[in-house]
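Because only heavy atoms are used, hydrogens play no part in the values below, and waters and symmetry mates are left out as well, while side chains stay in.
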Amino acid sequence: MNTLNPDALAKISYGLYVLTAREGDKDNGCIVNVANQLTDTPLQMMISVNKQNLTHDMILHTGLFNVSMLTEHTPMKVIEHFGFQSGRDVNKFEQCEVEMRSANGLLYIPNYTNAYISGKVNQTVDLGTHTLFIAQISEAVMLRNDPSLTYAYYHQHIKPKPAIPAQSGSTGTTRWVCQTCGYVYEGDEVPDDFVCPWCKHGKVDFVKVE
């Protein structure tokens, strides 16, 4: 098996990913949407992770992570499981039928992914609500040739529709929908420091429901 497959590297230029990490005996995973190759020599990539996520804390402590590229066949239940539930409350891998580990000992997601990439962090950049991890790539493995899950495909075919807005005069409350996950916030304005309880994105991802 080619552990640095260029076809696998090409998959991190766009799409939605499951990011996995491990600290001690605990594995965790979350959804991320920023993962890009930075350089060829040395072979490096970057990921951006919300600081409120347990996976973020694990990577900060251990320096290791895997990124599994989701495909168009990914059901919403997988995105809900890894994207909308906290690893502090549930075992993200409890219901996984197959647990596969890469050479670095971390889990990757064999179902609904076309490739995975392993990284070892060599630099961190504080982005406020997120941390940018710059990492050396140790593995880049193709699993299948299914098309990657892009944001456009997710919004059109997978993401649940926003809740029906309140009828005029029924509550007097404005509704704002998260463009990432469909969560609806009710209030005249979304607070500047508001973080979506499902996908952990901020105010900038909310639009008013007309």
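- For R144, the side-chain contact (heavy atoms from CB on, under 4.5 Å) test picks out T113, N114, D146, with sequence neighbours left out.
- Listed by chain and number, the residues in a side-chain contact (heavy atoms from CB on, under 4.5 Å) with L64 are T62, L106, K120 (sequence neighbours excluded).
- The minimum heavy-atom distance between S148 and E72, with the atom names listed, is O-CG, 3.6 Å.
- The NZ atom of K159 sits 9.0 Å away from the CE atom of M76 when rounded to the nearest 0.5 Å.
- The minimum heavy-atom distance between K26 and M58, with the atom names listed, is O-CE, 3.5 Å.
- In this structure, V121 and I59 have side chains that are in contact, with non-hydrogen atoms separated by less than 4.5 Å.
- D126 pairs by the side-chain hydrogen bond (donor to acceptor under 3.5 Å, both in side chains) definition with K51, not counting sequence neighbours.
- Residues satisfying the ring pair (Phe, Tyr, Trp, His ring centres under 6.0 Å) criterion with Y112, sequence neighbours excluded, are absent altogether.
- Side-chain atoms of Y153 and P147, non-hydrogen and from C-beta on, never get closer than 4.5 Å to each other.
- Judged by distance alone, the side chain of W176 and the main-chain N or O of G187 form a donor-acceptor pair under 3.5 Å.
- Nearest heavy-atom pair, P110 versus M100, reported as atom, atom and distance to 0.1 Å: CG-CG, 3.7 Å.
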Review point. Step by step, would you call T39 with Q44 a side-chain hydrogen bond (donor to acceptor under 3.5 Å, both in side chains)?
Key: CA-CA 5 Å; T39 58; Q44 295 186 115; 3.2 Å; yes
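- For the residue pair R22 and G105, the shortest heavy atom distance occurs at CD-O, 4.2 Å.
- A 4.5 Å side-chain heavy-atom check between T131 and T124 finds at least one atom pair inside the cut-off.
- Two residues are said to be in side-chain contact when any heavy atoms from C-beta on lie closer than 4.5 Å; T74 and I79 meet this criterion.
- Looking at I47, T20, I117 one by one, the single match for side-chain contact (heavy atoms from CB on, under 4.5 Å) with F65 turns out to be I47.
- Every residue meeting the salt bridge (charged side-chain N to carboxylate O under 4.0 Å, His left out) condition with D57, not counting sequence neighbours, appears here in chain and number order: R88.
- To the nearest 0.5 angstrom, L19 atom CG is 8.0 Å from N53 atom CG.
- For F133, the ring pair (Phe, Tyr, Trp, His ring centres under 6.0 Å) partners at least two apart in sequence or on another chain are H56.
- One finds the CG atom of L70 at 11.0 Å from the OH atom of Y154 (value rounded to the nearest 0.5 Å).
- Contact record, T55 with A21: CG2-CB, 3.9 Å, taken as the closest heavy-atom pair.
- Between R101 and D27 a salt bridge is recorded (basic side-chain N to carboxylate O distance below 4.0 Å).
- Within the 4.5 Å cutoff, the side chain of V67 has no heavy atoms near those of the V18 side chain.
- With rounding to the nearest 0.5 Å, the separation of OH in Y185 from OG1 in T174 is 10.5 Å.
- Residues passing the ring pair (Phe, Tyr, Trp, His ring centres under 6.0 Å) test with Y108 are Y116, sequence neighbours excluded.
- The side-chain hydrogen bond (donor to acceptor under 3.5 Å, both in side chains) search around E23 returns H61, not counting sequence neighbours.
- For A115, the side-chain contact (heavy atoms from CB on, under 4.5 Å) criterion is met by A8, K11, M69, M142, not counting sequence neighbours.
- Between L127 and S48 there is a side-chain heavy-atom pair separated by less than 4.5 Å.
- The shortest side-chain heavy-atom distance between F82 and F93 falls under the 4.5 Å cut-off.
- N66 pairs by the side-chain hydrogen bond (donor to acceptor under 3.5 Å, both in side chains) definition with S102, N104, S118, not counting sequence neighbours.
- Under the rule for a side-chain hydrogen bond (donor to acceptor under 3.5 Å, both in side chains), the partners of D40 that lie at least two apart in sequence or sit in another chain are Q37.
- Residues meeting the side-chain contact (heavy atoms from CB on, under 4.5 Å) test with K203, sequence neighbours left out: V190, D192.
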